[in-house]
Protein chains: 4
Amino acid sequence: MTQATSAKVTKLNRVERNAWTKQKIFDAATKIVGKYGYAEASVARITEAAGVAQGTFYNHFENRQELLDQLLPKIGLDMVRFIHARTGTASEARQEIERFSAFFDFIREVPEFLRILNEAEFFAPIGYQKHFDNISSAYVRILQRARAAGATNTFSDEEFEAIVQVLMGARGYLSRRYSYSEQGVTAVPDYVITAYQKLVTRGLFTTSDKGRKS
Amino acid sequence: MTQATSAKVTKLNRVERNAWTKQKIFDAATKIVGKYGYAEASVARITEAAGVAQGTFYNHFENRQELLDQLLPKIGLDMVRFIHARTGTASEARQEIERFSAFFDFIREVPEFLRILNEAEFFAPIGYQKHFDNISSAYVRILQRARAAGATNTFSDEEFEAIVQVLMGARGYLSRRYSYSEQGVTAVPDYVITAYQKLVTRGLFTTSDKGRKS
Amino acid sequence: MTQATSAKVTKLNRVERNAWTKQKIFDAATKIVGKYGYAEASVARITEAAGVAQGTFYNHFENRQELLDQLLPKIGLDMVRFIHARTGTASEARQEIERFSAFFDFIREVPEFLRILNEAEFFAPIGYQKHFDNISSAYVRILQRARAAGATNTFSDEEFEAIVQVLMGARGYLSRRYSYSEQGVTAVPDYVITAYQKLVTRGLFTTSDKGRKS
Amino acid sequence: MTQATSAKVTKLNRVERNAWTKQKIFDAATKIVGKYGYAEASVARITEAAGVAQGTFYNHFENRQELLDQLLPKIGLDMVRFIHARTGTASEARQEIERFSAFFDFIREVPEFLRILNEAEFFAPIGYQKHFDNISSAYVRILQRARAAGATNTFSDEEFEAIVQVLMGARGYLSRRYSYSEQGVTAVPDYVITAYQKLVTRGLFTTSDKGRKS
DNA sequence: TATGAATGAGAATTCATTCAT
DNA sequence: AATGAATGAATTCTCATTCAT
């Protein structure tokens, strides 16, 4: 997540100052929504946290909703990049486990993400849609490539789409159950990983070596 | 779903009248939350739909939140009964598919359920917790019995817990994606069922006949 | 104008208390709009003057505009009654002068009226429309009766409608010019009355050719 | 109405550029107030329409109100010139009808005028005052000359002042009623002209006793 | 127990004006 | 002179809850 540096701002031109202010608001919103949820993220609270006047908010965002709807897609991209960087070249099944694990690593790195993600469906539906379109289309492509490599059981494209919903649902519900507590975001127990691994390696992927990248 | 009959209530004693009023409020809340969501379910709106005064609300519920938190657990029990009634004595794997299908049948029978369920996490967290504890413990027991019958792959109790989260996540995300539209609640396409079936029969259950009830 | 009496309110039932509160708000609005104009009549200001909470306002009026739009028609009726009571049985021409004079008497009795009337077109257009429909249709009927009695020059119904606009315009502009000052509302000079009298009884110009430029 | 030409302005000195910017703002304000009214004429909207920055506004006008108060007097002069050009050398009575008709022609030529005029009383009171002083003093002089020519009935100077208010009120109310619609500004029906003509040449009531109630 | 008016804190948003660049 | 981001007071309206009847 981009972070407005609090370093002394000595010489910024107009454009930079403008962008910096917007980023301050954005970061403040991320922090507040992540910690207290969308419902508590009033413009007053966000601008106070950002250290700007309420009116300033509306120089940068059309309205409160517009900002809220930008939160998830932006952080979602960070997630995609993070997971991609953590995914190696082992077998397709193994890669899926790596992605799964990386997801839980990511939400510990960006603890705001979980709440921003989970509440988005109701409080930022446009952002939610955008994010899920991003994620699920990319995910389907991954599965299609695995299928082309002979690494999956027999699934049609439409079935893959449904499977992706299941896999995303798994992450969502498991993170809710095992990562999320009053204290903050914690790692999931190993048995969560192994359970997922057993389900998808036998259920989704072929267990031969055919899917392994050379 | 229990339904306050609108038939003329001529002879009710004090206790019955009391319960009836409470039920009217409850039913009104179910309808409104189901249709418009928790956020739109103001006390004013609920009491108006119930045909009672706003003040009456507080004779039956401590506050608005208390009512909201009762919605999901109550309707959740209806769901459990519904699904149980639809589950036969075929193989364990087959039974899971029946439960899965029955879930989607239920949400068409009780279209309020989906919204009450999906939004509960944020608007009725206590009710959400109660519901999920109900469901997941029951679900784990089902899986344990299947395991005892030799019908599942090797999973520990803890892994079953995680699996249950995945299966519930699957229902949640799939219903969101495939059942929910502006028009109302519709049936899911067949390929959703088959995708789920492929994933869990190979991933979760053994494919032999060992798990079949005698 | 109805006036919420400030006498001690010892025993009022619910309905009466309700009506009394609404009347308090109404009276406060009348006073404020009359003194400072619609633009300054914020809900905060009105409710403060009425001695009720802001929220109370919305128990009695849908929104701010609804109240504003009720102001003029209500006082307008008071005006009609007032003028009617002051109109005798002299000649039609004389009666018109009486009505004209009575108008200026009325605005001194209800000094709020002038501002409520004049600004209504822009700040309370619905109320303005209602008021003017009331007034002009009644006025046209008066003229038609006078015509039937042979007391007017030759005018068609449509021309009467236009004439009514002129007569109302006369009252509006003259009151603005001669009655309205920082100090409050004062009587119009006699020559305003006589000028109006001459115009409506004899017209402005002689009909001979004397005024033609050579 | 003066109009800032949009032709490319290549060679302007400092003073000319300055005047040109001010004119752009002025024209934009005229257009916006004419179309949407003073209340909607925010500085942001005006400057955007003028194609200058908001801050620029305050280099040319002390504040928003100052500009608004200049609108009507300026355009009012255009009206005076327009009407004067349309007035011939027929009888005084005839000339008044010509002026009256010319007024309605003018508001069709400059459709912004009506709104700028009508709302000015409340949104630009200083400009309103200035305009009406302009108009009414000129109008009184016209009537005085007609009187000197023996073309009017007997009116004192003060009565003429009042008469002028009536005549201006007639224009104001009639234009509001007959020229102004959602579509724009339209011509008034003929009977409006004839009604006015009859009123000012012959008066409204017969002076015989026929109308007296028995 | 039922009623429903009263409460008042808090929400999002607007906008004239300022001022550093 | 031109710019346009920043300001913050003020606006309308909502709603859970209270309480006298």
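Proteins come first, then strands; the chains are lettered A, B, ... in the order of their sequence lines, and each starts at number 1. Quick caveat: nothing in here was measured; it's all calculated off a predicted structure.
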For this session: Establish whether the base of E:dT7 is bridged to the side chain of C:Gln54 by a donor-acceptor pair shorter than 3.5 Å.
Result: no
Exercise. Given atom CG of A:Asn59 and atom P of E:dT13, what is their separation to the nearest angstrom?
Worked result: 14 Å
Problem set entry | Whole-Å distance separating the CZ atom of C:Phe61 from the P atom of E:dA6 | 11 Å
For this session: Please tell me which of the listed nucleotides, F:dG4, E:dT1, E:dT3, lies nearest to the side chain of B:Val52?
Result: E:dT3
Exercise. Hey, is C:Lys35 close enough to C:Glu112 for a salt bridge, meaning N to O under 4.0 Å?
Worked result: no
Exercise. Which listed nucleotide (E:dA16, E:dT13, E:dT1) is nearest to the side chain of A:Val43?
Worked result: E:dT13
Seminar exercise, completed: From CG of A:Asp69 across to P of E:dA12 the rounded distance in Å is 14 Å
Problem set entry | For E:dA6, the Watson-Crick or wobble counterpart (both distances under 3.5 Å) | F:dT17
For this session: Could you pick out which residue, B:Glu40 or B:Gly55, lies toward the 5' side of DNA chain F when each is mapped onto its nearest nucleotide?
Result: B:Glu40
Seminar exercise, completed: Closest to the side chain of A:Asn18, out of F:dA6, E:dT7, F:dA1, is F:dA6
Exercise. Side chain of B:Arg64: nearest nucleotide among F:dT3, F:dT12, F:dA16?
Worked result: F:dA16
Problem set entry | Validation row: C:Lys24, C:Val52 side chains within 4.5 angstrom (heavy atoms) | yes
Exercise. Nearest to the side chain of A:Arg14, which nucleotide is it out of E:dA16, E:dA6, F:dG4?
Worked result: F:dG4
Problem set entry | Interatomic distance, B:Arg45 CZ vs F:dT17 P [rounded to whole Å] | 18 Å
For this session: With the side chain counted from C-beta on, respond yes when C:Phe61 and C:Gln70 share a heavy-atom pair under 4.5 Å apart, and no when they do not.
Result: yes
For this session: Can you tell me the distance, in whole Å, between the CZ atom of A:Phe57 and the P atom of E:dC15?
Result: 17 Å
Problem set entry | Atom-pair distance (CD1 on C:Ile46; C1' on F:dT11), nearest Å | 12 Å
Exercise. Do the side-chain N or O atoms of D:Asn63 get closer than 4.0 angstrom to the phosphate oxygens (OP1, OP2) of E:dA16?
Worked result: no
Exercise. In whole angstroms, how far is the C1' atom of E:dA12 from the CD atom of A:Glu48?
Worked result: 16 Å
Exercise. Is there a side-chain polar atom (N or O) of A:His60 under 4.0 Å from OP1 or OP2 of F:dA6?
Worked result: yes
Problem set entry | Phosphate-side-chain proximity, A:Thr56 and F:dT7, N/O vs OP1/OP2 below 4.0 Å | yes
For this session: Could you check how far NZ of A:Lys22 sits from P of F:dA6, rounded to whole Å?
Result: 12 Å
Problem set entry | 4.5 Å side-chain heavy-atom contact, C:Lys130 and C:Asp69 | no
Seminar exercise, completed: Quick note, A:Thr21 side chain, CB onward, closest among E:dA5, E:dA12, F:dA6 is F:dA6
Exercise. Taking any strand in view, what nucleotide pairs with F:dA1 in a Watson-Crick or G-U wobble way, both distances under 3.5 Å?
Worked result: none
For this session: Kindly confirm or rule out a cation-pi arrangement of C:Lys31 over C:Phe26, judged by NZ or CZ under 6.0 Å from the six-membered ring centre and within 45° of its axis?
Result: no
Seminar exercise, completed: Taking for D:Glu62 and for C:Ala53 the nucleotide of DNA chain E with the nearest heavy atom, the one nearer the 5' end belongs to C:Ala53
Exercise. Just by distance, do the side chain of A:Arg115 and the backbone of A:Ala120 share a donor-acceptor pair under 3.5 Å?
Worked result: no
